[in-house]
Amino acid sequence: MSKPTKHRPWLTATLLVLALFGLLWRIGTLRFENSDDALILKAFMGFEGGVPASFSLYVHTLLAWALHGLARLWPGVAWLSLFQLGVLGLSAAVLCKSLMQLAGKGCPARMAGVAAALLSLLLLAALAMCRINYTTTAALAGAAAVAQCLSAPQGAAAHGRLSAYGLASLLLGLACLLRMQSAWPAAAFAGLALLWQAGEVQRTLRPSHTAQAGKRGEPCQRKGRRMQPLCAAQPAEPAAPADPARGATVLHPAARSALLALAAMLAMVVVLLAVRQGEIALRGLQGDAIWHAARTALLDYTPFEGDPAPALGTGLLPATLIALLRQWYFLDRRITAEVMRAMAGAYPAAPLQTALAQLGGLFADFPRYQWLTAALLALYGLCLLPGRKAPPFLRAAATLAVLGAAALLGLLAAQGRLPPRAADAVLLPAGALLLGLALLAWRLAPATDAAARATALDTAAAGNAGNTAAPAALQAPPPAAAVGSPAEQAGAPVPDAPTPAPAKAAACANDPATLPLAARTHLSGSLSAARTTPLQRGTALALLAALLLACGMHARLTLYTITRRPDAQSQQRQADLERYALAQPQTLILRSPNLLRDTRLFPDVRDGIPGNTAIWGDWSCRTPGWYAQLAAFGLDGHALDARAWLDAPLQLAVAAAQETADLQAYLTDAIGQPVLPVLAGQEGTLRFYRFETLPAAE
């Protein structure tokens with residue numbers, strides 16, 4: 001096989017991804033989806049105390065230390081943004097490449113592969129590549145890992161399978177490094193893909209021995225109750241013969257590779273989890289991890305922010321402190337893990353109606369999920385449509401994918417919270433699996449007419465677009481002497497009639513059921529080559545029309561989302577905050593998460609990086625970088641209370657008077673005497689306050 005043919009899927013996929021990036025850059029604004037990624041990015045750039053962080057709550061240890069080292073070597077560079085853009089580009093390219101390989105070879109199949117790649121970009125990748133979030137970036141990497149598992153070559157030598165599964169493991173590992181929680185659904189769907197692949201390979205090629213074949217030392221293939229010799233059109237790495245005395249079936253090397261890849265992926269995930277837990281233990285952060293788990297349980301999975309009455313009823317915290325806690329303020333040592341767990345326990349568990357309301361809210365607030373779900377159901381229908389002509393376990397795998405996605409979404413909704421990024425972590429890898437299975441469902445259907453069969457054999461002989469080593473028996477046409485009776489030409493075995501080896505290879509090659517998976521998948525490069533009834537063809541066209549309609553509506557909503565104007569007010573406030581902070585290096589300036597949402601991929605640091613700004617609370621608190629930043633201003637992060645506002649150089653940045661009033665009420669209640677805000681400065685639309693007690697009356 002020539003190198004241009006071998007690398008065509010990669011080249012085409014790279015061009016498609018570059019074109020999509022260029023289009024998104026031209027019509028939209030590449031930015032973070034929300035401010036969470038910006039907070040992580042700034043921590044590694046040195047916005048917390050002027051020193052690049054080496055730990056993050058959600059980013060894995062290995063990635064955190066890599067970003068820390070890069071920031072030390074080349075400060076001021078947005079390394080996390082560059083890393084996510086690289087992961088997004090690689091994932092989208094692998095996703096497109098895998099789908100084109102799954103579509104097969106030949107002009108119609110290539111056109112179908114390009115169409116499937118474009119469909120995956122519009123349906124799964126476009127929004128994740130333009131509205132970047134480390135959760136959805138991990139989800140897209142997981143989706144690419146699933147597609148790569150499906151497209152791994154089963155007829156090539158061992159090194160071909162090793163490189164294919166290695167790339168899938170790399171993508172899954174990148175997903176784990178960004179956010180471990182987002183990698184769980186992808187790991188489940190990748191495992192399903194590998195199990196189906198191993199079962200299909202083993203079903204197609206099951207080497208065993210009959211007594212007669214054992215005497216000849218010739219591996220055989222079981223088909224129903226008959227034993228047929230495995231023809232020369234077998235993988236480049238033949239299966240080891242089974243023990244003729246015991247009659248056992250040996251696991252095919254390709255099936256063994258798929259199962260070993262699954263075990264390796266599971267081992268990788270376990271190792272990454274162990275490394276993460278080891279770092280938390282070595283740094284003594286177990287208490288902070290427990291505290292954050294309690295914070296998540298209260299603020300993310302209960303209606304505490306909108307309904308504080310049950311929490312007030314516990315009497316554990318005063319009303320003035322609960323008012324700040326609802327705004328994600330945590331600068332008080334009385335807000336402990338035990339207190340937050342007790343307040344979370346005051347809210348009843350979410351009933352089934354609440355879970356259904358969460359699901360309904362997701363589809364109502366974000367209509368693109370309606371069309372994404374419709375597209376996935378259309379793909380599921382295409383997986384079922386070939387019926388018995390498809391591999392026997394493909395329909396079961398597609399059904400498990402749909403049921404698994406529904407179960408995961410239901411589990412997330414039952415927990416009381418289902419944000420869009422969590423839904424993407426489930427639907428993106430599920431969509432990649434269904435799209436790949438839909439392509440395979442039609443490719444594995446046998447060819448009908450002689451012309452289609454001849455084209456399929458030529459395609460199988462040429463290999464699987466660089467993934468399959470062409471069998472020697474298919475590379476050379478059989479001699480004229482090999483052409484015998486019509487039964488022999490059709491591939492039917494002739495009892496007690498010795499067949500020359502070339503004729504035997506040709507007979508096996510003419511029977512799709514006797515070809516290995518990697519070669520047999522080329523036997524129907526297009527829908528016209530499959531045995532379909534008029535009803536099936538009509539249903540297929542209807543499903544394709546529904547799929548295109550859903551994809552078009554999803555693309556329209558995506559276009560609306562990515563072309564919306566960025567938040568100019570937050571950008572202005574961020575610039576004002578940084579300008580004031582750079583002019584006041586001896587003051588620690590705190591703000592609430594509601595003041596602004598900085599979503600820039602590449603912050604402007606030409607005037608310097610202010611290391612004296614922080615969010616008073618949010619999920620970035622109680623980390624090593626947060627403690628170090630407070631210590632630089634003489635504050636103990638483990639023992640903070642209201643007195644810190646009077647004894648330390650703290651200022652509050654606000655744009656609304658209500659935030660100042662809430663903090664004033666909390667300080668007056670906690671200190672026991674009136675506290676007044678004093679305007680310390682102003683920059684643009686922001687005001688900066690320090691707080692003082694009233695002088696004692698003479």
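Computed over heavy atoms, backbone and side chain alike; hydrogens, waters and symmetry mates excluded.
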Student: For residues 168-180, pull every pair meeting side-chain hydrogen bond (donor to acceptor under 3.5 Å, both in side chains), keeping only residues two or more places apart or in separate chains.
Tutor: T135-R179
Student: Do any pairs count as a salt bridge (Lys or Arg N to Asp or Glu O under 4.0 Å) and have a residue in residues 615-636, sequence neighbours left out, and if so which ones?
Tutor: none
Student: Residues in salt bridge (Lys or Arg N to Asp or Glu O under 4.0 Å) with R600, at least two apart?
Tutor: E578, D598
Student: Please list, chain by chain and in numerical order, all residues satisfying salt bridge (Lys or Arg N to Asp or Glu O under 4.0 Å) with D604, sequence neighbours excluded.
Tutor: R606
Student: For the OH atom of Y329 and the SG atom of C621, what is their distance to the nearest 0.5 Å?
Tutor: 13.0 Å
Student: For a quick test of your reading: what N or O donor-acceptor pairs under 3.5 Å do the side chains of residues 265-280 make, sequence neighbours left out?
Tutor:
| from | atom 1 | to | atom 2 | distance (Å) |
| --- | --- | --- | --- | --- |
| R276 | NH1 | S56 | O | 3.2 |
| R276 | NH1 | V59 | O | 3.3 |
| R276 | NH2 | S56 | O | 2.7 |
| R276 | NH2 | L57 | O | 2.5 |
| E279 | OE1 | T61 | OG1 | 2.5 |

Student: Would you list the pairs meeting ring-ring contact (aromatic ring centres under 6.0 Å, His included) in which at least one residue belongs to residues 25-45, sequence neighbours left out?
Tutor: none
Student: Using side chain to side chain contact (heavy atoms under 4.5 Å, CB included), reason through W626 and I615 one step at a time and then give a plain yes or no.
Tutor: CA-CA 10 Å; W626 185 79; I615 294 181; over 6 Å; no
Student: Do NZ/NE/NH1/NH2 and the carboxylate oxygens of R643 and D641 come within less than 4.0 Å?
Tutor: no
Student: Please tell me if the side chains of R368 and L127 come closer than 4.5 Å, counting only heavy atoms from C-beta onward.
Tutor: yes
Student: I'd like to check the side chain to side chain contact (heavy atoms under 4.5 Å, CB included) partners of S54; sequence neighbours left out, ordered by chain and number.
Tutor: W65, H68, R283
Student: Check whether any side-chain heavy atom of M129 sits under 4.5 Å from a side-chain heavy atom of F21, and report yes or no.
Tutor: yes
Student: In a table with atom names and distances, give each donor-acceptor pair under 3.5 Å that connects a side chain of residues 583-593 to protein atoms at least two apart or in another chain.
Tutor:
| from | atom 1 | to | atom 2 | distance (Å) |
| --- | --- | --- | --- | --- |
| S592 | OG | N594 | N | 3.3 |
| S592 | OG | E659 | OE1 | 3.4 |
| S592 | OG | E659 | OE2 | 2.8 |

Student: Any side-chain heavy-atom pair from Y134 and L80 closer than 4.5 angstrom?
Tutor: no
Student: Go through the structure and list residues passing side chain to side chain contact (heavy atoms under 4.5 Å, CB included) with V51, not counting sequence neighbours.
Tutor: R72
Student: Do the rings of F691 and Y689 sit parallel, tilted or perpendicular, given the 30° and 60° boundaries?
Tutor: tilted
Student: When rounded to the nearest 0.5 angstrom, what distance separates CG in L122 from CG in L20?
Tutor: 7.5 Å
Student: Scan for salt bridge (Lys or Arg N to Asp or Glu O under 4.0 Å) pairs involving residues 27-40, sequence neighbours excluded, and state none if there are none.
Tutor: none
Student: Are a donor atom and an acceptor atom from the side chains of N612 and Y580 found within less than 3.5 Å of each other?
Tutor: no
Student: Residues two or more places apart in sequence or in another chain: which of them pass salt bridge (Lys or Arg N to Asp or Glu O under 4.0 Å) with D576?
Tutor: R579
Student: Under the salt bridge (Lys or Arg N to Asp or Glu O under 4.0 Å) test, which residues partner D567, sequence neighbours left out?
Tutor: none
